[in-house]
Amino acid sequence: MGHLGFMSVFAAGISLSTLDANLDAPVWTSARLPSWHLIAVLAGTAAVAVTAGYLGRGEPDQPPSADARPPLLRLKEGERTVWVSRVTNPWLAAGAAAAGAGVCVLIVLRFIGSGTGAVPGVTLPVLVLVLVLGLLSASVSVRVSGDGVAIGFGPFGWPVRRIRLPKIDLALSETRHPSQVGGWGFRGLPGSATIMLRGGDCLIIRYRSGGQLAISIDDAARGASLINALIAERVEQ
C-alpha cells in the first residue's frame with residue numbers, strides 16, 4: 001500500500017508541477033520549475049507512503065499450531081542439493097522499464113540540445129532514482145545450499161542478503177497475499193519482514209532469535225524442506 005500511495009501521489013505531483021511551470025511561458029524552453037515544487041512533491045509523497053503503509057500493514061502473523069510439522073526433505077548420505085527459485089513482479093518491472101525509457105529520451109534530448117531547462121534537469125534524476133529502485137525491487141531470487149540461504153535482488157541477483165543455517169530455527173511454506181501483509185514490496189521491520197512481489201506461495205524462515213522473514217517465491221515448500229533437511233544434517237554432525 002505504501003508503494004502504491006507513493007507512486008500515485010508522485011505521478012500526480014510531477015504532472016501538476018510541470019503544468020504549473022509551463023503556464024504563461026511563451027515557449028517550453030523558458031519554463032522554470034521552482035525548487036520548492038520538488039520539495040513539496042517529495043514531502044507529500046513520503047507522508048502519503050508512510051500513512052498508507054501504516055494503515056495497510058495487515059494483521060500480525062499467526063503462530064503455527066502445535067501439531068504443524070515443517071516439511072523435511074530426505075537427503076542421502078553425502079548428497080549435496082541446491083534449490084533455486086525466482087519471482088518477478090510484472091508491474092514493478094514495467095514501471096522500471098518506463099522510467100528507463102524516460103531516462104533515454106531525456107538523455108537524447110539533452111545530447112541534441114533540446115533537453116535543457118529546469119524541468120528536464122529535475123525530472124532526469126527522479127527518473128534515474130525510480131529506475132534503480134524499480135530494478136532492485138521488481139524481482140527476487142532465493143538460493144538454498146549447504147552455506148545457507150542467499151536472497152538476491154534485481155535482474156542480476158545483486159545485492160545479496162545471506163542467512164547462515166545456524167541462525168535458522170526452521171522453514172515453512174504458507175500461502176499469503178499482499179492484503180495480509182500491507183501491500184507489495186518490502187514490508188515490516190527487521191526481525192519480522194516480508195518480501196511480497198506476488199500473492200500465493202511464500203517461504204517462511206523462522207530465526208532462532210524469534211523473528212522471521214517471509215518471501216513470496218515459487219516452489220516454496222521444496223525450498224523449506226531442503227532448509228530443514230540441511231539444519232537436521234548439521235545437528236546430527
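Note that this is a predicted model, so its numbers are computed, not measured.
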Participant: Count the heavy atoms belonging to other residues, nucleotides or ligands that lie under 6.0 Å from CZ of R162, then report whether that count exceeds 12.
Facilitator: no
Participant: Can you tell me how far the CD atom of E174 sits from the CD atom of Q180, to the nearest 0.5 Å?
Facilitator: 9.0 Å
Participant: Is it the case that one hydrophobic cluster holds both L131 and L106, taking links as side-chain heavy atoms less than 4.5 Å apart, direct or via other members?
Facilitator: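 L131 does not cluster with L106.
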Participant: Would you say V149 and I227 make side-chain contact, with heavy atoms under 4.5 Å?
Facilitator: yes
Participant: Take V84 and V142 through the side chain to side chain contact (heavy atoms under 4.5 Å, CB included) test and state the conclusion after the steps.
Facilitator: CA-CA 6 Å; V84 180; V142 181; over 6 Å; no
Participant: With distance as the sole criterion, is a donor-acceptor pair present between the side chains of S173 and D201 under 3.5 Å?
Facilitator: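 D201 and S173 do have a side-chain donor-acceptor pair below 3.5 Å.
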Participant: Say you draw a straight line from CD1 of I205 to CD1 of I163; how long is it, rounded to the nearest 0.5 Å?
Facilitator: 4.0 Å
Participant: Mind listing the closest non-hydrogen atom pair of W158 and L136 along with its distance?
Facilitator: O-CD2, 3.8 Å
Participant: Can you hop from W91 to M196 via hydrophobic side chains spaced under 4.5 Å?
Facilitator: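 The answer is no; the residues belong to distinct hydrophobic clusters.
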Participant: Looking at I204 and Q212, what are the two nearest heavy atoms and their distance?
Facilitator: CG2-OE1, 3.5 Å
Participant: Specify the closest pair of heavy atoms between G148 and L165, including all atoms of both residues, with the distance to one decimal.
Facilitator: CA-CG, 3.8 Å
Participant: Would you say the side-chain atoms of R176 pair up with the backbone N or O of S216, donor to acceptor, closer than 3.5 Å?
Facilitator: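 No: the side chain of R176 does not pair with the backbone of S216.
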Participant: Apply side chain to side chain contact (heavy atoms under 4.5 Å, CB included) to V82 and V144, showing your working.
Facilitator: CA-CA 6 Å; V82 176; V144 178; over 6 Å; no
Participant: Please round to the nearest 0.5 Å and tell me the distance separating atom CG of L230 and atom OG1 of T81.
Facilitator: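 That separation rounds to 7.5 Å.
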Participant: Check G199 against P178 and note the closest heavy-atom contact, atom names and distance.
Facilitator: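 Answer, listing the atom of G199 first, then P178: CA-CD, 3.8 Å.
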Participant: If you compare all heavy atoms of D219 against all heavy atoms of W83, which two are closest, and at what distance to 0.1 Å?
Facilitator: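 Heavy atoms only, the tightest pair is O-CZ2, 3.1 Å.
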Participant: Salt bridge or not between D218 and R198? Use side-chain N to carboxylate O under 4.0 Å.
Facilitator: yes
Participant: Does R164 reach the side chain of D147, with side-chain heavy atoms less than 4.5 Å apart?
Facilitator: yes
Participant: How many angstroms lie between OG1 in T194 and CG in L213, if you round to the nearest 0.5 Å?
Facilitator: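 The OG1 atom of T194 sits 7.0 Å away from the CG atom of L213.
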Participant: If you measure from CD1 on I195 to CZ on R187, what distance do you get to the nearest 0.5 Å?
Facilitator: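 With rounding to 0.5 Å, CD1 (I195) is 12.5 Å from CZ (R187).
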Participant: Check step by step if side chain to side chain contact (heavy atoms under 4.5 Å, CB included) holds for R143 and S85.
Facilitator: CA-CA 7 Å; R143 183 179 188 273; S85 186; over 6 Å; no
Participant: Using modelled atom types only, decide if a donor and an acceptor are shared between the side chain of D169 and the backbone of R208 within a distance under 3.5 Å.
Facilitator: no
Participant: Any sub-3.5 Å donor-acceptor pair from N228's side-chain atoms to A171's backbone N or O?
Facilitator: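 Yes; judged by distance alone, with no hydrogens or angles, the pair exists.
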Participant: From the options L133, L127, V126, V132, select the one residue that forms a side chain to side chain contact (heavy atoms under 4.5 Å, CB included) with L129.
Facilitator: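 Running side chain to side chain contact (heavy atoms under 4.5 Å, CB included) over L133, L127, V126, V132 with L129 returns exactly one hit, L133.
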Participant: Minimum heavy-atom separation for L197 to S137, with atom names?
Facilitator: CD2-O, 3.2 Å
Participant: Could you verify whether a donor N or O on one side chain and an acceptor N or O on the other, from R86 and S139, lie under 3.5 Å apart?
Facilitator: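 Side chains of R86 and S139: pair found under 3.5 Å.
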Participant: Per the side chain to side chain contact (heavy atoms under 4.5 Å, CB included) rule, which among L135, V140, V160 passes with F153?
Facilitator: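 Per the side chain to side chain contact (heavy atoms under 4.5 Å, CB included) rule, the option paired with F153 is V140, out of L135, V140, V160.
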